[in-house]
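Atoms considered below: every heavy atom in the structure, side chains included; atoms not considered: hydrogens, waters and symmetry mates.
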There are 2 protein chains.
Amino acid sequence: MLEGETGLCRLAPYRETGPGLTAFDASLDTRFARKDTPMRAEDVPEMRKLPLFSGMQQDNFEALSRCAYVQTFPPQLDLISEGEPSDFLHILVEGRVELLASWKRNETILTLVPPLSTFILAATIRDAPYLMSARTIDRSRVVLLPSEDVRRVFETDNAFARGVVAELAQCYHGVVRHAKELKLRTSMERLANYILRQSRGQTEFELDIEKTRLASYLNMTAENLSRSIRALQPYGVKITGANVTIEAPAELKRFAKPSQLIDDSSN
Amino acid sequence: MLEGETGLCRLAPYRETGPGLTAFDASLDTRFARKDTPMRAEDVPEMRKLPLFSGMQQDNFEALSRCAYVQTFPPQLDLISEGEPSDFLHILVEGRVELLASWKRNETILTLVPPLSTFILAATIRDAPYLMSARTIDRSRVVLLPSEDVRRVFETDNAFARGVVAELAQCYHGVVRHAKELKLRTSMERLANYILRQSRGQTEFELDIEKTRLASYLNMTAENLSRSIRALQPYGVKITGANVTIEAPAELKRFAKPSQLIDDSSN
DNA sequence: CGAAGATTTGAACCCCCTCAACTGAAGTGG
DNA sequence: CCACTTCAGTTGAGGGGGTTCAAATCTTCG
């Protein structure tokens with residue numbers, strides 16, 4: 001598997017920290033080598049829950065699962081690099097994955113993929129190169145559906161085709177929101193709104209992402225994030241380690257001015 | 001038509017220049033009032049050419065065109081405001097339209113829509129509020145397809161459903177490229193690459209957009225754009241009015257470092 | 001424990017924004 | 001035809017948000 005992996009240049013991480021491992025490296029390295037296994041029975045019902053698959057015909061879904069591989073990858077492993085042909089539709093079952101883009105030795109996180117979601121569907125369906133790279137953050141279990149099989153089912157199963165529409169529309173929405181935020185807000189405003197979104201109304205919670213990654217996602221340097229966190233203290237935000245406490249939610253909201261059209265993912 | 005228009009607050013243009021007209025205003029104003037006309041016969045074959053419709057069944061396409069209205073709008077008119085329910089799928093037949101987003105009295109251009117393309121398809125299909133506002137730049141002829149009809153055909157015509165996938169995937173691709181550019185490039189680099197893209201290999205061409213709008217699209221102020229243009233002179237770029245001359249394409253490319261993964265829309 | 005990485009803090013600098021004034025082109029109306 | 005307005009674009013001065021570089025903790029983990 002992943003035999004299509006070319007030796008494409010490894011992209012420098014955000015503010016360069018040496019090259020990482022590619023999935024290809026891993027398949028050669030006996031520490032990671034796990035023969036690809038056919039999908040495990042316990043993952044199938046999980047997958048079926050995804051809106052992408054929920055509507056499709058049972059026999060098509062079964063045919064698709066039979067083509068699937070599942071593999072557990074170590075942290076910090078490049079699953080795909082932007083520009084490569086899209087060999088597999090990926091489904092993250094467990095762990096965390098980041099989607100990133102790079103240019104001229106710089107790198108930025110465009111999306112953080114939570115467990116049980118698909119990623120890079122667009123490239124698979126269009127049979128086009130990946131738009132973004134993907135890298136594991138944690139040790140992650142990933143289901144791999146060969147793109148050809150996905151496209152074949154897409155052509156025959158009409159409910160699946162409509163599932164793809166729903167999924168793509170959601171991804172589209174997500175990127176538009178990200179672009180809006182980048183163009184209309186300062187970095188402190190982005191941080192404040194990120195905190196509000198993550199809090200989900202709670203006054204205390206844990207960041208589910210390292211600060212360096214958060215900085216990249218919010219398009220600032222780690223230094224600037226650190227300073228922005230301090231700068232939010234007057235608005236009643238206290239962050240120690242991963243622990244976030246919002247002492248004065250009203251104050252924070254008055255500063256952040258969250259907007260349904262940018263911050264509400266359900267819209 | 002557009003009777004669903006609420007009196008939603010008019011959003012301030014980029015760096016505030018008084019309120020514009022809404023489509024609702026226009027429909028009340030006798031200067032603009034044109035009874036909505038059923039689609040003109042000459043527009044139908046044009047529309048049929050769009051990849052979105054090209055695959056669908058003839059009878060479904062005809063049914064859809066019978067539901068369509070066409071209207072010519074004056075420049076600077078708000079066709080839709082973000083957050084409103086999506087009543088119509090829009091197709092720009094002639095003229096220019098900008099898609100924008102706003103937050104806290106600021107506004108930014110996210111996409112420039114060229115003639116003969118659809119816009120805000122995602123909201124129509126999802127039956128969700130518009131993600132972006134749309135405003136005419138020039139006097140523009142726009143075909144309006146009631147969202148309900150579009151969704152009905154989407155449910156019944158499988159080829160159309162797949163056309164929607166292709167269209168959405170392309171929109172998605174466009175926003176991802178925009179986000180990449182915003183996060184990875186400086187404003188001068190964005191300008192340089194914009195010029196290269198527009199040039200299409202020619203050494204001389206005309207900007208098809210006002211500088212103020214270009215500035216908003218590239219996420220800079222008009223002042224900064226003006227200075228960035230001067231700053232590109234050493235790289236062999238001369239811009240007088242809308243006329244652009246690239247005297248040293250190689251120099252410009254060496255500076256701009258265009259990337260297939262950001263700048264090549266076909267990918 | 002020791003090494004490597006993540007986070008913080010400080011200092012200096014630069015890109016880009018803001019504000020203000022000016023220029024030039026395009027109407028408009030007398 | 002020409003003042004007058006209006007608006008896009010330009011230029012200058014000053015300031016602020018954010019970056020870069022460097023170094024000091026703090027964590028994590030083998």
Side-chain angles (χ1 to χ4, degrees), chain A residues 12-21 31 74-76 98 104-109 137-139 181-192 206-233 238-244 255, chain B residues 12-20 74-76 98 104-109 137-138 182-192 206-233 238-244 255:
Chain A
Y14 195 65
R15 242 191 179 179
E16 300 168 49
T17 58
L21 288 158
R31 281 175 303 171
Q76 300 296 331
E98 55 187 4
K104 280 221 302 184
R105 305 255 104 203
N106 279 329
E107 191 177 78
T108 189
I109 299 180
I137 298 177
D138 304 324
R139 177 178 175 84
E181 182 152 56
L182 290 167
K183 294 185 85 169
L184 293 168
R185 287 175 174 163
T186 66
S187 62
M188 251 185 77
E189 288 166 343
R190 293 196 293 275
L191 172 62
E206 301 280 316
L207 288 178
D208 59 350
I209 177 186
E210 297 78 1
K211 285 179 183 147
T212 306
R213 285 198 172 83
L214 179 56
S216 175
Y217 177 71
L218 295 177
N219 205 31
M220 44 177 136
T221 58
E223 296 93 324
N224 191 30
L225 173 60
S226 182
R227 284 185 259 265
S228 294
I229 286 173
R230 301 207 80 189
L232 280 182
Q233 277 186 13
K238 214 161 255 164
I239 303 184
T240 50
N243 190 289
V244 183
F255 170 76
Chain B
Y14 193 65
R15 244 197 183 172
E16 301 167 50
T17 58
Q76 300 296 332
E98 55 187 4
K104 280 222 300 183
R105 306 254 105 203
N106 280 329
E107 189 177 81
T108 189
I109 299 180
I137 299 176
D138 303 325
L182 289 168
K183 294 185 84 168
L184 293 167
R185 287 176 174 161
T186 66
S187 61
M188 249 185 80
E189 288 165 344
R190 293 197 291 276
L191 172 61
E206 302 279 318
L207 288 178
D208 59 351
I209 178 188
E210 296 79 0
K211 284 178 183 148
T212 306
R213 286 199 171 82
L214 178 56
S216 175
Y217 177 70
L218 295 177
N219 205 30
M220 45 177 138
T221 57
E223 295 94 323
N224 192 28
L225 173 59
S226 183
R227 284 186 258 266
S228 294
I229 286 173
R230 300 206 80 188
L232 280 183
Q233 278 186 12
K238 213 162 260 164
I239 303 184
T240 49
N243 190 290
V244 182
F255 170 75

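- Taking atom CD of residue E210(B) and atom P of nucleotide dA26(C), one finds them 13 Å apart after rounding to whole Å.
- Counting only distance, with no hydrogens or angles, the side chain of R190(B) and the backbone of L218(B) share a donor-acceptor pair below 3.5 Å.
- The distance between atom CD1 of I209(B) and atom C1' of dA8(D), rounded to the nearest whole Å, is 13 Å.
- Here T221(B) does not reach the OP1 or OP2 of dT18(C): none of its side-chain N or O atoms lies under 4.0 Å away.
- Within the 3.5 Å criterion, the main-chain N or O of I109(A) finds no donor-acceptor partner in the side chain of R213(A).
- Distance CZ (R227(A)) to C1' (dT20(D)): 10 Å, rounded to an integer number of Å.
- Protein atom CZ of R105(B) is 19 Å distant from nucleotide atom C1' of dC17(C), rounded to whole Å.
- Distances shown here put a side-chain N or O of R230(A) below 4.0 Å from the OP1 or OP2 atom of dT9(C).
- For the pair L191(B)/M220(B), a side-chain contact is recorded, criterion being any heavy-atom separation below 4.5 Å from C-beta on.
- Atom pair E189(A):CD and dG16(D):C1' shows a separation of 14 Å (rounding to whole Å applied).
- Side-chain atoms of K183(A) never come within 3.5 Å of backbone atoms of E107(B) as a donor-acceptor pair (strictly under, hydrogens ignored).
- Taking CD of E98(B) as the start and OG1 of T108(B) as the end, the distance is 10.0 Å to the nearest 0.5 Å.
- Residue A222(B) has its side chain nearest to dT10(D) when only dT19(D), dT10(D), dT20(D) are considered.
- With distances taken from any side-chain atom of T212(A) to the nucleotides dT10(D), dT7(C), dT19(D), the minimum falls on dT7(C).
- With dA20(C), dT19(D), dT20(D) as the candidates, the nucleotide lying closest to the side chain of E223(A) is dT20(D).
- Whole-Å rounding puts the K211(A) NZ to dT7(C) C1' distance at 7 Å.
- Regarding K183(A), its NZ atom lies at a distance of 16 Å from the C1' atom of dC17(C), rounded to whole Å.
- Between the P atom of dT10(D) and the CD atom of Q233(B) lies a distance of 11 Å, rounded to the nearest Å.
- When the side-chain nitrogen and oxygen atoms of S187(B) are compared with OP1 and OP2 of dC16(C), one or more of them lie within a distance under 4.0 Å.
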